[in-house]
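Have a look at the structure below, then the notes.
Naming: A, B, ... by sequence-line order, numbering from 1 per chain. This is a predicted model, so every value here is computed, not measured.
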Amino acid sequence: MPWSVALPLPIPAYDFGEPHGFEGPVPVGFRVLVPWQGELRIGIVVGESSAHGHRLRDAVALLEERPWLSAALVDTLCRAARARSVPLGLLFGDFVSAGWDSALDHRVARVAGADLASFGPGVAELNEDFLEARRFDATLLDAVRAQALLVERVQLSPRLEGSYRAVEGQGKLTPKGRAAWEVLRREGPLSSLAEWARRAAVSTSVVSGVVTKGWAQMDQRAAPPPPLPEPQLPPIRPQPHGLPTAAVTRLHGGRPAERHARVAARILEVIRADGDVLYLTPDAASRGRTWRALSGLTESVCYSGELTPAQREHAWELARAGRARLIVGSYAALALPLAHLRLIVLEDEGSDAYKLQGGSRAFVPDLARSLAERSGADLLLTGPVPSAEGLLEPGVVLPAPRARLHVVDYGAPEEAPEVGPLSLPNHQRSRQGWPLSNDLQRALKQVAERGRQAVLLAPRRGYSALLRCSSCGHTPMCRNCDVPLRFHAERRELTCHQCGYHLRPPDLCPACEGPMMQPKGPGTEWIAAEVRRLLPGFPVYRYDREQQDDLSAVYDSRPGVIVATQALLGLEAPPDLALIGLTFADTWLAVSDFRASERYHRLLRQLIEWHPQRAPLMVIQTFQGDHPALRSVYEGKDAGFYLEEELRARKLLAYPPYVRLAQVEVAARDQAKAQQAALEVAQALLGSGAGEREVLGPAPAPVARLRGLYAFNLLLRARDEERLEALLKPLQGRWSARVRVDVNPRDLLNL
DNA sequence: AGCACGCCGACT
DNA sequence: GTCGGCGTGCTC
């Protein structure tokens, strides 16, 4: 019975015959070696194939006795691929982050008595002894394999590490080579040429010369498993969690330490009943915090893409061997094969960081939920604030932590009385000062005087959002995209943040030749310059995707201001943080996405608990000082309060969580062609049973042209998962333009 | 994803 | 006359 095999490529599962002599049921979740484009690759068996006729190649060998993935995970990924019409291989590639290129000991022999003469001289030496496969040309070997004339033995080979040892060689060494050889004899064996060269204070070419002349040898032996992050002791003191009994529950609000203490109790319940726990976090900061709080509870493993391939493989082995009872990790930990998975904890389930970019565009919480169902595990949502989806689950919201907020409302009428509809004493109106309001400037000066630390969040990197000619209004745009070019003052560059196109900023306006090209829309560079002017001599750092200053002084508790984009929030809060400034909070609301205000609310709550103990002053500059999300925070409401309101609106407008959305993007280099294809897609959808209310659009994408492609979007709105899958069916075929589906779309902020 | 095949612009 | 741009198609 042929097997269906997943490979980490953007393709569906492909079929292969069982390896020669295999007997038994289909080994779902096992790694298998399969012929692929003339070579061999590691794939994962996902099921039995309904072999449809054409000649299949046989798989070469199963790699081990135990599955690499749990059956529940394989099922989850297969279903997700079907439901999202995403190639299965993309999901496997995104989620299975170890095991695709393990080292193999691969030996080949010819079938007894086979005549290989017709294959040419390349396999002349192939005989009945098992020789290393790498001695032969892979394509040639595959030709022999295809004729079933090859016998193969495949074993996982242990990770090797090499070390150099001095030996008595023949011939003469150069003086430097001689000296290097002496060093190696005295201090060796050494683990690399580079280290040897460093010890001997010569260049690597000298030491490699010694090796080629035969005066040094490399020994290889099995390497010990690479060290993983150490669990932290002493363990946290658990608090009664107070959670209801249900398959999906939630615990939000409070501070991280309070939540961790309660989650710890829940984890211990599971561990004591011999279950395993998976704790997923969206970023490095929350992962570190969680690891410190919980890793002392039991045998724990910290897992994320930051680990080296060897560490990942080792962590995988630990999980497989039942030696990891609690895994704290990024989304990549979802696929780790825990034998008794009984609880998945999902930290900050509404975080946009869970939306994978590129590849499968999967939304991790969707998969976590599915995996929990299929493994018989409970799901616990936790974090500073529930998602709109999570709010529907039973659970606990802890009282909001103390916050100190000061709103600078640029939008309030100037002549309005100081006490507006919001009678909070710290809610003031001030139009003065841009991009740093007078109030923020005062707070910054205090921080400097007292030698404390501040973080200013800017809406974007670079100096300004654009340059505009103040006489004719011309704005330089990207050649490939419909966006203005961002201005980078230090680099003297106009750059497209979408496609990377860049040019030197013109001295005169390219349209009217006027001299007045002015920056609009401050970015980190501009704001950092303002802070330097305000606080001469006070350390100012920048942290965004392109400019990551060394922040070690700040993390060493020395005074300073960090001007950053959101990128900083993935790191721990500076230890002596006294002030957080949101220089232009409206950025989070400007995104034309129904989740914008939920996202803004999440950001505010996230900032409030960013520092584990303190409540730094938060100065929020905005044109919408009475936005309900902001108001719910400074009125001291708990984290669920605002979302109740948000949910009512979602229900009224038929948005998630009350429906399931998918965005269909149709793109082509030619605008008319893209539009035409988008209309055809809409027709096809309506023609195959989609209702008028289920298909919206097509409409030009918010950025009509990106990287030279014109895009049109359709929005599918289905009552549930099954209906959405049915709606997506007719998109499978071929179209005259590129068609991409994004289930559960979330627009990211383009900084 | 890679990699090969195939058709139109600027040059050794 | 070619080199080489990336569009399209294929991998069991």
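- Residue A:P8 is out of contact with every strand shown, counting any heavy-atom pair closer than 4.0 Å.
- Note: CG (A:L9) to P (C:dG9) measures 19 Å, nearest angstrom.
- Here the P atom of nucleotide B:dG2 and the OH atom of A:Y14 are 15 Å apart, to the nearest Å.
- Spacing between atom CG of A:L40 and atom C1' of C:dT11 amounts to 14 Å, rounded to whole angstrom units.
- A:S360 has its side chain out of reach of A:R84: every pair of non-hydrogen atoms, C-beta onward, lies at least 4.5 Å apart.
- In this structure, CD1 on A:I344 lies 13.5 Å from OH on A:Y279, to the nearest 0.5 angstrom.
- Spacing between atom CH2 of A:W36 and atom P of B:dC3 amounts to 13 Å, rounded to whole angstrom units.
- How far CG of A:L91 is from SG of A:C78: 9.0 Å, rounded to the nearest 0.5 Å.
- Taking atom CG on A:L90 and atom C1' on B:dA1, their separation rounds to 9 Å, with Å as the unit.
- Between B:dA1, C:dC12, C:dT8, one nucleotide has an atom nearer to the side chain of A:P10 than all others, and that is B:dA1.
- Rounded to whole angstrom, the span from the CD1 atom of A:I42 across to the P atom of B:dA1 amounts to 20 Å.
- Exactly one of A:R595, A:Q357, A:R599 qualifies for a side-chain hydrogen bond (donor to acceptor under 3.5 Å, both in side chains) with A:D352. That residue is A:R599.
- Here C:dC12 presents its P atom at 19 Å from CD of A:E18, a figure rounded to the nearest Å.
- The CG-P distance, from A:D142 to C:dT11, rounds to 14 Å in whole Å.
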